[in-house]
Protein chains: 2
Amino acid sequence: MTETIPRRELILQEAAHLFREKSYPGSNLRELARRSGIQGGSIYHHFASKQEILFQLMDHTMSDMIERLTERLAEAHTPLEKLRTTVYFHIEYHVTGPDQTYITDEELRNLEPENYLKVVAKRDRYQRIVEDILSAGKAEHGWLLDEPKLYTRALIKMCAGVSTWFKPEGELNIEQIAEAYINLFSNGLLPR
Amino acid sequence: MTETIPRRELILQEAAHLFREKSYPGSNLRELARRSGIQGGSIYHHFASKQEILFQLMDHTMSDMIERLTERLAEAHTPLEKLRTTVYFHIEYHVTGPDQTYITDEELRNLEPENYLKVVAKRDRYQRIVEDILSAGKAEHGWLLDEPKLYTRALIKMCAGVSTWFKPEGELNIEQIAEAYINLFSNGLLPR
DNA sequence: GTCTATAACTAGATAGAC
DNA sequence: GTCTATCTAGTTATAGAC
């Protein structure tokens with residue numbers, strides 16, 4: 001019953017952790033190898049270069065996010081339900097995989113041009129999914145927003161930011177945080 | 001009338017730009033020197049180490065943010081006025097000095113322990129100023145928030161995030177973005 | 001698939017001349 | 001205050017044995 005995780009997967013996991021801790025250029029492959037239970041040179045049996053590790057990490061994370069969000073949204077039917085689903089998903093995904101998401105959010109500048117374009121294209125696809133929900137809310141229910149893109153960015157930044165301070169042993173769980181953010185986005189702070 | 005900027009200041013400015021472009025560990029002092037118009041070794045006449053450059057940059061930025069926000073808040077009197085002032089200031093400061101603020105927001109992990117504690121203390125002081133405004137709004141005007149700290153983080157992340165995509169030549173100016181964010185925070189998206 | 005050894009290079013920091 | 005030269009250590013990546 002002990003799951004044997006393939007070495008390649010393990011390296012990617014450890015890389016996410018290490019890169020988050022020390023940033024991509026601040027990390028070295030000897031330490032990544034050590035944490036993965038092998039010697040420095042052996043990394044190159046699994047990946048062609050340090051850059052390829054970063055790219056695989058970010059590319060896989062973006063694909064996974066798009067796929068999972070799309071799945072969840074299939075169960076939601078109104079724009080408001082979809083907004084709730086998205087806020088919950090985005091927070092949960094960032095809190096559950098804080099290493100992967102942090103790298104994917106912050107290491108874009110360290111991708112070589114070709115890889116950069118591929119990852120940015122997926123990031124834009126993801127943002128577009130969220131933007132379309134806000135646009136639908138505006139068109140169908142008169143949501144108060146002039147610039148869907150502006151609010152999309154605000155929403156994404158706010159939710160992703162949770163993973164920078166979230167502690168599983170803290171006072172609030174994911175549900176409570178998501179609920180608070182949905183309320184904030186829906187009704188704001190001022191009483192009526 | 002040509003302002004001669006002291007070399008030390010110039011190095012700090014160029015460092016902010018370079019570190020934002022390539023991250024702190026990804027930057028090297030020879031390139032920083034070149035951009036500052038001197039040779040590699042000359043950096044050490046102005047700073048004791050690469051680490052000290054990073055620390056001076058972040059520490060000065062945090063002090064400056066606290067000082068300026070405090071000044072502006074002195075002119076605001078109600079919690080709502082103070083919230084407006086804070087949102088506007090935080091966006092404006094991040095958009096006006098995107099290099100300095102990006103470094104200060106993202107390079108904490110590369111500070112040595114002693115420096116880390118100093119900068120985090122100032123960051124916490126800043127956050128506390130914002131948190132106290134939200135708490136006052138709750139106490140005095142019944143603002144709808146259970147956890148002032150949670151909303152403080154959401155507000156700060158959302159506003160700071162503007163500098164990652166803001167372009168001066170873009171469609172929206174700082175006033176319009178700040179206005180939209182204040183509306184979002186005040187009343188949310190749903191019509192009543 | 002992993003090891004060891006090493007090539008080729010780069011970086012932070014120092015020393016001393018001007 | 002800036003220059004050049006250099007020390008030392010660490011890094012990615014490769015090669016070939018097991």
Side-chain angles (χ1 to χ4, degrees), chain A residues 2-59 103 107-116, chain B residues 2-59 103 106-116 119:
Chain A
T2 30
E3 278 290 333
T4 310
I5 167 170
R7 182 85 64 186
R8 191 192 140 92
E9 297 302 314
L10 179 63
I11 294 171
L12 284 173
Q13 247 179 53
E14 295 292 340
H17 195 72
L18 182 63
F19 292 173
R20 184 185 182 202
E21 205 177 306
K22 307 198 171 180
S23 92
Y24 172 72
S27 303
N28 74 73
L29 296 183
R30 285 195 237 293
E31 180 161 8
L32 176 57
R34 196 178 51 69
R35 294 189 184 195
S36 306
I38 53 178
Q39 292 297 315
S42 305
I43 291 270
Y44 290 88
H45 176 76
H46 303 277
F47 297 95
S49 65
K50 186 183 179 187
Q51 170 74 198
E52 203 209 319
I53 298 174
L54 179 63
F55 172 66
Q56 292 294 340
L57 197 54
M58 295 176 72
D59 190 64
I103 301 310
E107 292 289 5
L108 271 174
R109 62 190 161 171
N110 287 310
L111 287 175
E112 288 162 8
E114 197 180 339
N115 294 335
Y116 177 86
Chain B
T2 30
E3 279 290 335
T4 311
I5 168 171
R7 181 85 63 187
R8 192 192 139 92
E9 297 302 314
L10 179 63
I11 294 170
L12 284 173
Q13 249 180 52
E14 295 293 339
H17 195 72
L18 183 62
F19 292 172
R20 185 185 181 203
E21 205 177 307
K22 306 197 172 179
S23 94
Y24 172 72
S27 303
N28 73 73
L29 296 183
R30 285 178 179 79
E31 180 162 7
L32 176 57
R34 196 178 50 69
R35 293 190 185 195
S36 307
I38 53 179
Q39 291 298 316
S42 305
I43 291 269
Y44 289 87
H45 176 76
H46 303 278
F47 297 95
S49 65
K50 187 185 181 187
Q51 170 75 195
E52 204 209 317
I53 298 174
L54 179 63
F55 172 66
Q56 291 295 340
L57 198 54
M58 294 176 72
D59 190 64
I103 301 310
E106 298 296 332
E107 291 289 4
L108 270 174
R109 63 187 160 172
N110 288 310
L111 286 174
E112 288 162 9
E114 198 180 341
N115 294 335
Y116 177 87
V119 175

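Letters go in sequence order (proteins before strands), and every chain restarts at 1.
Taking the side chain as every heavy atom from C-beta outward, B/Ile38 and B/Ile11 approach each other to under 4.5 Å. Between A/His17 and A/Arg35, the closest side-chain pair of non-hydrogen atoms falls below 4.5 Å. A 4.5 Å side-chain heavy-atom check between B/Pro25 and B/Asn110 finds at least one atom pair inside the cut-off.
Between the NZ atom of B/Lys50 and the C1' atom of C/dA11 there is a distance of 8 Å, rounded to whole Å. Taking atom CZ of residue B/Phe47 and atom P of nucleotide C/dT14, one finds them 15 Å apart after rounding to whole Å. Rounded to an integer number of Å, the gap from CG of B/Leu29 to C1' of D/dC7 is 16 Å. When rounded to the nearest whole Å, the span between CD1 of B/Ile43 and P of C/dA13 equals 11 Å. Between the CG atom of A/Asn28 and the P atom of D/dT11 there is a distance of 4 Å, given to the nearest Å. Rounded to whole Å, the distance from CD1 on B/Ile53 to C1' on C/dA13 is 12 Å.
Contacts between residues 12-26 of chain B and DNA chain C, defined by a heavy-atom separation below 4.0 Å, involve no residue at all.
Proximity of a side-chain donor or acceptor of A/Arg109 to a complementary backbone N or O of B/Arg20 within less than 3.5 Å is detected. Remark: the backbone N or O of A/Asn28 is not paired with any side-chain donor or acceptor of A/Lys50 at under 3.5 angstrom. The main-chain N or O of B/Gln51 is found under 3.5 Å from a side-chain atom of B/Tyr24 such that the two form a donor-acceptor pair.
In the helix from C/dG1-D/dC18 to C/dC18-D/dG1, the end axes, each obtained as the rotation axis mapping the C1' atoms of four pairs onto the next four within a five-pair block, lie 10° apart to the nearest 10 degrees.
Across all strands, B/Ser36 comes closer than 4.0 Å to no nucleic acid atom at all (heavy-atom distances).
Annotation for B/Glu9: atom CD counts as buried by contact number, over 12 foreign heavy atoms lying within 6.0 Å.
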**Request:** Spell out protein contact along nucleotides 1-7 of chain C as letters: B when the base is contacted, S when just the sugar-phosphate is, - when no protein heavy atom is under 4.0 Å; keep the 5' to 3' order.
**Result:** BBBB---
